Amino acid sequence: LKLVVLISGGGSNLRSLLEASEDAEFPARVVAIGADRDADGLAHAEEFGIPSFVVPYTSYPDRESWGDALLEQIRLWEPDLVILSGLMRLLPERVVEALSPQLINTHPAYLPEFPGAHGVRDALAAGVTETGASVIVVDTGVDSGPIISRQRVAILPNDTESTLHDRIKLVERELLVQAVLDIANGTIDLKELAS
Ligand code: GRF
């Protein structure tokens, strides 16, 4: 299974995929890594010798033209699956439509709880004792697509946004690697899930 992974930040979940694909048995490989900015996580591409591309959001007059340029770059690699792993931009509808359902996203909350760009902060602010991590099929909404997998993560009394997010990320990357495995071996059928 050929993967293109899109990031905006440190790419810790991406790194877990790269490490998993080091195992010859792993039925997927990251063929390219893309970002909407000069993301720190591009260093993982360098380290693992994976091609990368940057389509800077700020270089485009609007989201649509950025999305078109991003889609063009993604298509060059003919991926079987595109993974948003810390991409902090909403994709334009036509990009989602073009890639769906072979387009999945990781989210640091127990969807449909706490969607959006501040899921960790929102869970903390809500004063609940548990949140979670999720992998979903991307649809044109915000973190509203069909859920592939999700797992609860405890919120501890003295958690800060970063201690909680770090704990969530550990679960996210397990869910993500498992989701890629399940998609590669047919346990998960994205077309069926998204239908
Ligand atoms: C992850 O928790 C992802 O779900 C969220 O932002 C975080 C990115 O972390 N959208 P990293 O860049 O993978 O370290």
Side-chain angles (χ1 to χ4, degrees), residues 3-22 28 30 32-48 50 52-57 63 66-67 70 81-92 95-96 99 103-126 128 130-156 159-180 183:
L3 312 175
V4 165
V5 184
L6 302 182
I7 62 170
S8 296
S12 64
N13 290 329
L14 159 66
R15 189 179 182 83
S16 306
L17 274 177
L18 292 172
E19 286 165 352
S21 53
E22 294 258 277
V30 179
I33 295 161
D36 64 320
R37 54 190 285 275
D38 183 19
D40 293 346
L42 292 170
H44 301 315
E46 196 76 30
E47 184 184 334
F48 282 79
I50 311 276
S52 63
F53 57 86
V54 178
V55 182
Y57 189 79
R63 181 186 302 277
W66 169 74
L70 182 69
L81 179 65
V82 178
I83 300 174
L84 309 184
S85 185
L87 182 74
M88 298 313 279
R89 299 274 178 205
L90 286 181
L91 295 176
V95 176
V96 174
L99 295 174
L103 176 62
I104 67 175
N105 181 35
T106 60
H107 184 72
Y110 196 74
L111 290 172
E113 298 167 3
F114 309 117
H118 307 292
V120 179
R121 186 190 311 169
D122 296 344
L124 261 182
V128 293
E130 57 178 15
T131 179
S134 309
V135 178
I136 61 169
V137 181
V138 176
D139 69 1
T140 52
V142 178
D143 299 321
S144 52
I147 293 171
I148 290 174
S149 59
R150 59 183 183 166
Q151 186 177 317
R152 282 287 182 195
V153 175
I155 298 181
L156 303 180
D159 260 333
T160 63
E161 187 176 343
S162 83
T163 59
L164 176 55
H165 204 166
D166 287 347
R167 189 176 319 113
I168 291 171
K169 283 184 183 182
L170 297 177
V171 174
E172 265 188 281
R173 62 194 66 158
E174 283 169 29
L175 292 178
L176 182 57
V177 169
Q178 189 58 51
V180 168
I183 292 164

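Counting starts at 1 for both ligands and their atoms, following the listed order. Here the structure is a predicted model, which is why all the values come from computation and not from measurement.
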T106 to ligand 1, any heavy atom closer than 4.0 Å: yes
Within-cut-off N or O pair, L14 and ligand 1, under 3.5 Å: no
Atoms in ligand 1 with a heavy atom of G10 nearer than 4.0 Å: 12 (O)
By salt bridge (Lys or Arg N to Asp or Glu O under 4.0 Å) - contacts of R89 (at least two apart): D36
Row check, Y57 ring normal vs R37 NZ/CZ: under 6.0 Å, within 45°: no
Shortest protein heavy-atom distance from atom 3 (C) of ligand 1, along with the residue and atom involved: E172 OE2, 3.3 Å
Per atom 13 (O) of ligand 1, closest listed option by heavy atom (S12, A133, G86): S12
Protein heavy atom at shortest distance from atom 7 (C) of ligand 1: H165 NE2, 3.7 Å
Nearest neighbour in protein (non-hydrogen) for atom 5 (C) of ligand 1: P108 CD, 3.9 Å
Ligand 1 contacted by R173 (non-hydrogen, < 4.0 Å): no
Ligand 1 contacted by G11 (non-hydrogen, < 4.0 Å): yes
L42, L6, V4 screened by side-chain contact (heavy atoms from CB on, under 4.5 Å) with I33, the one that passes: L42
Criterion side-chain contact (heavy atoms from CB on, under 4.5 Å) against T131, the qualifying member of D159, V120, I155: I155
